[in-house]
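See below for the structure under consideration.
The residues of the chain are indexed from 1 along the displayed sequence. The analysis underlying the following values was restricted to heavy atoms, covering all of them including side chains, and did not include hydrogens, waters or symmetry mates.
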Amino acid sequence: MILFRKSYIRGIYIYKAVYNSTRVMSQRVEHDYNYSNSKFYTNKVVAKVLIGSVATGAIGYYLFAKRNKYSVAAEASLSEDESISAGKFKDGLPSFSLKEVGHHNSKDSNIWVTYKEGVYDITDFVDKHPGGDQILIAAGSSVEPFWLLYGVHENKHVYKILETYRIGNLQKDEIGALSDDMSDPYGKEPIRHPILQPASIKPFNAECPPSLLIENFITPNEIFYVRNHLPVPVIDPATYELEVEIEGQNRTATFTLNELKKLPKCTIVATIMCAGNRRGDMTKVKAVKGLNWGPGAVGTATWTGVRLSDILRTVGVNEDDGYKHVQFEGIDYDVTGKSYGASIPIWKALDKRGDALLAYEMNGVPIPRDHGFPIRVIVPGVVGARNVKWLGRIIVSEKESESHWQQNDYKGFSPSTDWDTVDFTKSPAIQELPVISAICQPNEGDKVKVVDGCILVRGYAWSGGGQKIVRVDVTVDAGKTWHVANLDNQDTAEPPQHWAWTLWSVRIPVDESAKNLEIWAKAVDSSYNTQPESFENIWNLRGCS
């Protein structure tokens, strides 16, 4: 029998295995790619899955504290009790009024914020903030509304860092004036299937366990990975309207949900993958900023809706107009009224072969709230970040979206670039993703019995840009010999419109007398792009694939 321990590499996906004849073999999940089969609910599968704990401190505050001598020194002086009592009144410090705090809202006047009873001068921290200049929206006011939105701040380590910037107390008669009326923006979140493994709770982000993920070619809605940046909005389909604006022409068009559904219907099968999928493996090289995703931030669904190209041509947009981008704005707002936004090149939006959709169905039913109800953008072959959910507005423009997530996030950099040298303006926004594969069975910690001298390895592979997986190679001797995997389930569409993943498996002979074993897997797509051998040479500070 073999005890498996995972050691991921970005392109070649590695398992380290240790022989142990005293271990008990775990239950193996059988193949089944039929979407109508409800096996993923059975005890056989559920018994194999351990619900992941919530990732804390994912935005990486500790990285920046280490570079600030004052922060480190002050942090070391804080006891555990003090870190928990962040924001409480402190004797011996001056008191400030809200009016005084409000005057300190720029670097020229220093940037002050309040948290509960505390007043903080965060001027020196702004440039180090992992969320970029988003922190400036709290300048001269309270950070509490924003910490309600981003629950990852509710972390002892974050509290300790905050207290290093403490300069005083808020006047007692004004304590709570900015937060007494606040309600939890996550109070109306949808119910999620307990099998999902959370990477964060507020906002909610979670992935499907790897062994369960490959049980169906079409991922059931209930276990499709969830990637939210803000609270899930509550939208009434009866009053929903989509606004389409053509920049510079001073005209807009609106469509109700019923009007969209009356337009010609299109259905595609497409895989959506988060740019941070398998980021948790990249962090084994060096820490990165972002949610600690495993290999489950990916899923495949049947999407039905209206072609984006039909909508744009209906409002009079054509390829000769000189526009370069199509921007999308969601209806998921933060407390300042800013919504999630992204954009794609106009050629992708107008080309029928691009298959970009405004989808209202997912696997034959209305799109669930977590996945964009009532309308979401589906841009197949493109990183999940551009597939904007809860779509409220489309803007045809000469410019990319100016949103934080287009300009200061979801970009790749050299492994030598760090947070002191990064310049987001010098890197293009990620659109199409590179080829990837992942081993999903055996799972980390599984005890697997050798049958007839072989072990079974299963996983998925996918490539962006509509490329098709043509081969998955697997080795157990560090690349001296390779075994070609069976492509068990694959969509029939041809490149460059092959939008779905490939599920694969292979039985590999092993030497039962060996004490250690590594299994590597790498995928090759129809353009003969191949995964790199390690994360070291493609590591980037944002942890994007």
Side-chain angles (χ1 to χ4, degrees), residues 8-14 33 213-214 216-219 266-275 277-278 295 297-303 307-309 344-345 347-357 378-387 412 428-440 457-475 479 481-506 520-535 537-538 544-545:
Y8 298 102
I9 292 187
R10 159 61 182 88
I12 294 182
Y13 194 98
I14 296 180
Y33 302 118
L213 184 64
I214 56 171
N216 295 276
F217 181 74
I218 298 297
T219 310
C266 177
T267 297
I268 62 171
V269 177
T271 295
I272 305 296
M273 189 175 84
C274 179
N277 190 42
R278 291 186 54 193
V298 60
T300 300
T302 300
W303 308 96
R307 291 184 184 274
L308 177 57
S309 58
I344 60 173
W347 66 262
K348 178 69 173 177
L350 286 175
D351 190 345
K352 287 186 68 174
R353 293 170 298 178
D355 284 334
L357 294 184
I378 296 296
V379 192
V382 168
V383 64
R386 314 302 168 211
N387 292 247
I430 295 173
Q431 294 288 341
E432 296 174 356
L433 286 172
V435 61
I436 190 173
S437 70
I439 296 172
C440 297
V457 183
R458 298 170 62 200
Y460 67 80
W462 180 75
S463 188
Q467 298 305 316
K468 183 178 182 178
I469 298 299
V470 297
R471 199 175 73 244
V472 176
D473 299 327
V474 184
T475 180
T481 57
W482 292 89
H483 304 266
V484 178
N486 299 311
L487 305 184
D488 299 319
N489 210 314
Q490 189 173 57
D491 192 45
T492 58
E494 292 299 319
Q497 291 176 286
H498 188 95
W499 309 124
W501 63 5
T502 294
L503 302 182
W504 56 267
S505 67
V506 60
W520 300 5
K522 63 181 176 68
V524 181
D525 72 13
S526 49
S527 288
Y528 280 89
N529 298 306
T530 305
Q531 291 170 270
E533 289 191 5
S534 72
F535 270 121
N537 294 328
I538 64 164
C544 293
S545 298

- Query: Would you call Asp525 and Arg471 a salt bridge, using N to O less than 4.0 angstrom?
  - Reply: no
- Item | Donor-acceptor contact present, side-chain Tyr460 to main-chain Pro295, <3.5 Å | yes
- Message: Quick check: do Thr302 and Thr267 have side-chain heavy atoms less than 4.5 Å from each other?
- Response: yes
- Note on the structure: One should read off an interatomic distance between Gln497 CD and Gln467 CD, to the nearest 0.5 angstrom, of 11.5 Å
- Any chance you could measure Asp473, atom CG, to Ser437, atom OG, to the nearest 0.5 Å? 9.5 Å
- Query: Between atom OG1 of Thr271 and atom CD1 of Ile218, what is the distance when rounded to the nearest 0.5 Å?
  - Reply: 8.0 Å
- Query: Can you tell if the side chain of Trp520 reaches within under 4.5 Å of the side chain of Ile439, non-hydrogen atoms only?
  - Reply: no
- Note on the structure: For Ala523 and Ile469 the tightest heavy-atom approach is CB-CD1, 4.2 Å
- Query: Okay, side chain of Arg386, backbone of Ile430: is any donor-acceptor separation there less than 3.5 Å?
  - Reply: yes
- Task: Identify the heavy atoms of Ala297 and Asn277 that sit nearest to each other, and give their distance.
- Result: N-OD1, 2.9 Å
- Grab the two heavy atoms, one from Trp499 and one from Trp462, that are nearest each other, plus how far apart they are. O-NE1, 3.0 Å
- Item | Donor-acceptor pair, side chain of Trp501 and main chain of Thr300, under 3.5 angstrom | no
- Query: Has the side chain of Arg307 got a donor or acceptor atom that lies under 3.5 Å from a matching backbone atom of Lys352?
  - Reply: yes
- Can you tell if the side chain of Gln431 reaches within under 4.5 Å of the side chain of Ile344, non-hydrogen atoms only? yes
- Query: What heavy-atom pair brings Leu308 and Ala349 nearest, and what distance separates the two atoms?
  - Reply: CD2-CB, 3.5 Å
- Task: Look up atom SG in Cys266 and atom CG in Asp355, then write down how far apart they are to the nearest 0.5 Å.
- Result: 5.5 Å
- Task: Would you give the length of the straight line joining atom SG of Cys440 to atom CG of Leu213, rounded to the nearest 0.5 angstrom?
- Result: 5.5 Å
- Query: Donor-acceptor pair, Asn489 side chain versus Leu503 backbone, under 3.5 Å?
  - Reply: no
- Item | Smallest separation among heavy atoms of His498 and Ala493, with atom names | ND1-O, 2.6 Å
- Polar side-chain atom of Asp351 near backbone of Arg353 as donor-acceptor pair, under 3.5 Å: yes
- Query: Of Val457, Asn486, Ile214, Val484, which is the lone residue that meets side-chain contact (heavy atoms from CB on, under 4.5 Å) with Trp504?
  - Reply: Val457
- Message: Quick check: closest heavy atoms across Ala485 and Val474, and the distance to 0.1 Å?
- Response: CB-CG2, 4.5 Å
- Which distance, rounded to the nearest 0.5 Å, do you find between the NE2 of His483 and the OG1 of Thr475? 6.0 Å
- Heavy atoms, side chains only, cut-off 4.5 Å: are Pro380 and Ile268 in contact? yes
- Flag side-chain contact, heavy atom, 4.5 Å: Ile436 against Met273: yes
- Do Lys522 and Thr530 have side-chain heavy atoms sitting under 4.5 Å apart? yes
- Item | Minimum side-chain heavy-atom gap Phe217-Val269 below 4.5 Å | yes
